[in-house]
Amino acid sequence: MSASPSSPARVPCPCGRRDRRELPLAYTQCCGRYVDDFAHTPAPDAESLMRSRYTAFVRERADYLLATWHASTRPASIDFEPAVKWLGLDVRSRSVLDADHAEVEFVARQRNGAGEASRLHERSRFVRQEDDEGLHRWYYVDGDLH
């Protein structure tokens with residue numbers, strides 16, 4: 001018996017990542033494993049963290065966004081704009097600077113409650129550090145808007 005198209009195992013991941021056959025990856029096979037199991041499953045690289053953070057914005061998961069934000073720049077809280085609809089993510093480039101530093105350039109599209117579309121174009125900086133449990137985790141530090 002296969003999963004229905006709307007089951008959690010088949011829902012496409014909001015980040016838009018695709019498999020080798022160019023089919024959308026399911027949320028549970030993509031960002032869901034990081035967002036839903038942050039304690040045990042850290043994102044393996046800066047791009048995966050950036051994609052999972054986009055997915056967390058789509059799903060309004062402030063807990064994950066705060067947990068993956070570097071302590072030096074993390075805000076006290078995150079407020080989501082009401083009625084925002086995220087429309088897609090385009091990863092433009094990724095740069096591994098060394099084993100513990102990377103940058104990812106992306107464009108995220110959204111539409112606000114009034115129907116106005118906008119784009120967030122950012123080059124984000126990430127750092128990898130060991131956490132209290134001994135896991136090496138990537139954290140979002142900051143970014144430059146374009």
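Nothing fancy with the numbering, it's 1 onward along the sequence. Below, each value reflects all heavy atoms present in this structure, side chains not excepted, and no hydrogens, waters or symmetry copies.
Remark: D36 engages Y27, R61 in a side-chain hydrogen bond (donor to acceptor under 3.5 Å, both in side chains) (not counting sequence neighbours). Remark: D144 engages R125 in a salt bridge (charged side-chain N to carboxylate O under 4.0 Å, His left out) (not counting sequence neighbours). For S93, the side chain to side chain contact (heavy atoms under 4.5 Å, CB included) criterion is met by E105, R123, not counting sequence neighbours. Partners of A114 according to the side chain to side chain contact (heavy atoms under 4.5 Å, CB included) rule, which considers only residues two or more places apart in sequence or in another chain, are N112, E116. Residues meeting the salt bridge (charged side-chain N to carboxylate O under 4.0 Å, His left out) test with E122, sequence neighbours left out: none. Looking at residues two or more places apart in sequence or on another chain, you find no salt bridge (charged side-chain N to carboxylate O under 4.0 Å, His left out) involving R74. The side chain to side chain contact (heavy atoms under 4.5 Å, CB included) check on A62 picks up I78, F80, with sequence neighbours excluded. Take R21 and apply the salt bridge (charged side-chain N to carboxylate O under 4.0 Å, His left out) test, not counting sequence neighbours, and it matches D19.
Side-chain atoms of T68 and R53 form a donor-acceptor pair, as typed in the model, at a separation below 3.5 Å. With no hydrogens or angles considered, no side-chain donor-acceptor pair links H40 and E133 at under 3.5 Å.
A chain of hydrophobic side-chain contacts below 4.5 Å, direct or via other Ile, Leu, Val, Met, Phe, Trp or Tyr residues, connects Y34 to L66. Under the 4.5 Å side-chain heavy-atom criterion for ILVMFWY residues, no single connected hydrophobic cluster contains both M50 and L25.
Residues R111 and A117 come closest through the heavy atom pair NH1-CB, 3.7 Å. When all heavy atoms are compared, the tightest approach of D45 to S48 is OD1-N, 2.7 Å. T55 approaches C31 most closely through the heavy-atom pair OG1-SG, 3.5 Å. When every heavy atom of R128 is checked against every heavy atom of A99, the shortest pair comes out as NE-O, 3.2 Å. Minimum interatomic distance between P14 and Y54 (heavy atoms only, all atoms of both residues): O-CE2, 3.3 Å. L49 approaches W138 most closely through the heavy-atom pair CD2-O, 3.1 Å.
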(message) Evaluate C15 against C30 for side-chain contact (heavy atoms from CB on, under 4.5 Å), listing each step before the verdict.
(response) CA-CA 9 Å; C15 85; C30 193; 3.6 Å; yes
(message) side chain to side chain donor-acceptor pair (under 3.5 Å), that's the test. Do R109 and S118 meet it? Break it down for me.
(response) CA-CA 6 Å; R109 296 176 295 112; S118 64; over 6 Å; no
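For residues 97-127, the set of pairs meeting the ring pair (Phe, Tyr, Trp, His ring centres under 6.0 Å) definition, not counting sequence neighbours, comprises H121-H146, F126-Y140. Within the structure, every pair that satisfies the side-chain hydrogen bond (donor to acceptor under 3.5 Å, both in side chains) test and touches residues 76-91, not counting sequence neighbours, is listed here: D90-R92.
Hydrophobic cluster of L23: no remaining members, since no ILVMFWY side chain lies below 4.5 Å from it. Other residues sharing a hydrophobic cluster with Y139 under the 4.5 Å side-chain heavy-atom criterion for ILVMFWY residues are V127, V141.
Put simply, OG on S52 and CD on E47 are 10.5 Å apart, with the number rounded to the nearest 0.5 Å. Note that CG of D100 is 10.5 Å distant from CD of E130, once rounded to the nearest 0.5 Å. We find the NE2-CD distance between H136 and Q129 to be 9.5 Å, quoted to the nearest 0.5 Å. Residue R137 holds its CZ atom at 4.5 Å from CG of D131, rounded to the nearest 0.5 Å. Between the OG1 atom of T28 and the CG atom of D37 there is a distance of 12.5 Å, given to the nearest 0.5 Å.
Remark: side-chain polar atoms of R51 are not paired, donor with acceptor, to backbone N or O of A46 under 3.5 angstrom. At distances below 3.5 Å, not a single donor-acceptor pair connects side-chain atoms of R59 with backbone N or O atoms of A56.
At least one side-chain heavy atom of L120 sits less than 4.5 Å from a side-chain heavy atom of L145.
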